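Have a look at the structure below before the remarks.
All figures in this text were calculated on a predicted structure; none of them were measured in a lab.
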Amino acid sequence: MSRLLDPKTLMAIKQLSLSAKTTIDGFMNGINKSTIKGAGMEFSQYRSYQPGDDLRSLDWKMFARSDRYYIRESEIETSISVRLLIDASASMNHHDGDFTKMEYARYLAASLAYLANLQGDAIGLYVFKHRHIFSMAARQDFQHLSRLFYQLERIEPQGGFTEPIHYNEIFAGGHQRELLIFITDFYQKDHEIIKLLDTFSSLRHEIIVFHVLAKNELELDFKGYSTFEDLETGETVQIDQAKARTEYQQRMAAHLKQIRTEMLDRRIYYRTVTTDEPLDQALRDFLNQRNKLKN
């Protein structure tokens, strides 16, 4: 069973920074602390103390065990640049119960940002919204993290996914490899999301895609409804859920398999997450891909 609280409980917390902190505190208490290094520093080895060495580097626990003085050395900077990419198209307004996909994406992004900040990483935010992109360049400080939380709270999904003509500002800047975390429901009309990921892949960035799904859309279980509306086009369709459910679930499974294959072909790390799912595995995915980038 997950060590983290029910996401619905945490998403109900009005202050996004508090829900993120609560989530990460619970996550870190449930894993081996040695897998997380503070302030972006990673310990390598010991050596014997030599006159003139900085006493602040002495390891007193080693002294207690061996009665000899040892210096912790080879602490190397391992912080990286992390960009959070958020799909804020209208389809992210899809809800299951009391919460929408966007609320779950906001909570996931805030938790990842909080964890990345603990690692000493620079964090940027890019929100893909109808006809434009909101961007915050990656930085590493607490005030920047607070501003990022504020911008996450302001996201209101609308329209379709951002058109490629607006992508240029994302690619501006240096050529350093980065970790890109894309949170999306993968609703696209003309492979625009795939085209965006292809561009990122060509720049040799490490990419994680979290595909946000609702349980009711996976199962076609919308109690009491027979008319369904496309949140991005406004088109409606009449469906007898009981009759359509089996074929729908088969097609959904095939659709998800196709997306997974396309991501695998591009060497992009891909995981589906449902809006009732705790964040344990998503946070582990982040740490694993982060280590892959810095090694």
Any side-chain heavy-atom pair from [X] and [Y] closer than 4.5 angstrom?
X: L145; Y: R147; result: no
X: T275; Y: L213; result: no
X: E232; Y: S89; result: yes
X: L108; Y: I181; result: no
X: Y269; Y: I207; result: no
X: V209; Y: L197; result: yes
X: L115; Y: F286; result: yes
X: S19; Y: Y107; result: yes

Test: [X] and [Y] ion pair at under 4.0 Å:
X: D121; Y: R290; result: yes
X: E217; Y: K101; result: yes
X: D96; Y: K215; result: no
X: D198; Y: R266; result: yes
X: D280; Y: R284; result: no

Starting at [atom1] of [X], measure out to [atom2] of [Y] and round the result to the nearest 0.5 Å.
X: I208; Y: I268; atom1: CD1; atom2: CD1; result: 11.0 Å
X: L231; Y: E229; atom1: CG; atom2: CD; result: 6.5 Å
X: Y114; Y: F149; atom1: OH; atom2: CZ; result: 7.5 Å
X: L218; Y: T272; atom1: CG; atom2: OG1; result: 7.5 Å
X: Q151; Y: S146; atom1: CD; atom2: OG; result: 12.0 Å
X: L283; Y: L112; atom1: CG; atom2: CG; result: 5.5 Å

Under 3.5 Å donor-acceptor, [X] side chain and [Y] backbone:
X: H205; Y: L179; result: no
X: D87; Y: A105; result: no
X: K129; Y: E156; result: yes
X: E262; Y: R260; result: no
X: Q241; Y: S226; result: no
X: R271; Y: F210; result: no

Original post:
What about I193 and L264, same hydrophobic cluster or not, with Ile/Leu/Val/Met/Phe/Trp/Tyr joined at side-chain heavy-atom distances under 4.5 Å?
Top reply: no
Original post:
Should M102 and Y187 be regarded as members of a common hydrophobic cluster, given that ILVMFWY residues are connected when their side-chain heavy atoms come within less than 4.5 Å of each other, either directly or indirectly?
Top reply: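 M102 and Y187: separate clusters.
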Original post:
Are E206 and I80 close enough, and set up right, to give a side chain to side chain contact (heavy atoms under 4.5 Å, CB included), and what steps lead you there?
Top reply: CA-CA 11 Å; E206 196 67 35; I80 62 173; over 6 Å; no
Regarding [X] and [Y], do their side chains bring together a donor and an acceptor under 3.5 Å, going by distance alone?
X: N93; Y: T100; value: no
X: T274; Y: Y104; value: no
X: Q281; Y: D285; value: yes
X: H94; Y: N216; value: yes

Original post:
After noting the C-alpha distance and the side-chain angles of N117 and H144, does the key distance pass the side-chain hydrogen bond (donor to acceptor under 3.5 Å, both in side chains) rule?
Top reply: CA-CA 10 Å; N117 186 68; H144 179 74; over 6 Å; no
Non-hydrogen atoms of [X] and [Y] that approach each other most closely:
X: D141; Y: R139; result: OD2-NH2, 2.9 Å
X: D221; Y: K223; result: OD2-NZ, 3.0 Å
X: I24; Y: S111; result: CD1-O, 3.3 Å
X: A138; Y: V82; result: CB-O, 4.4 Å
X: I155; Y: P157; result: O-CD, 4.0 Å
X: I239; Y: A244; result: CG2-CB, 3.9 Å

Original post:
Out of H255, E247, Q249, which one pairs with R251 under the side-chain hydrogen bond (donor to acceptor under 3.5 Å, both in side chains) rule?
Top reply: E247
Original post:
For Y150, which residues count as a ring pair (Phe, Tyr, Trp, His ring centres under 6.0 Å) partner, sequence neighbours excluded?
Top reply: none
Subject >> Set of ring pair (Phe, Tyr, Trp, His ring centres under 6.0 Å) partners for F186, sequence neighbours left out >> reply: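 Ring pair (Phe, Tyr, Trp, His ring centres under 6.0 Å) check on F186 returns H211.
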Original post:
Considering residues, nucleotides and ligands other than D98, do more than 12 of their heavy atoms fall under 6.0 Å from its CG?
Top reply: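 No, CG of D98 has 12 or fewer neighbouring heavy atoms, counting only those of other groups under 6.0 Å.
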**OP:** Kindly determine whether L125 and V127 satisfy side chain to side chain contact (heavy atoms under 4.5 Å, CB included), including the steps that lead there.
**Re:** CA-CA 7 Å; L125 175 66; V127 181; 4.0 Å; yes
Subject >> F228 and F222 aromatic ring geometry - parallel, tilted or perpendicular at 30°/60° bounds >> reply: perpendicular
**OP:** Apply side chain to side chain contact (heavy atoms under 4.5 Å, CB included) to the pair L16 and R106, showing each step before the final yes or no.
**Re:** CA-CA 8 Å; L16 190 58; R106 188 183 290 126; 3.7 Å; yes
**OP:** Apply the test side chain to side chain contact (heavy atoms under 4.5 Å, CB included) to residues F182 and I86: give CA-CA distance (whole Å), side-chain angles for both, the deciding distance (0.1 Å), then the verdict.
**Re:** CA-CA 6 Å; F182 187 29; I86 312 296; over 6 Å; no
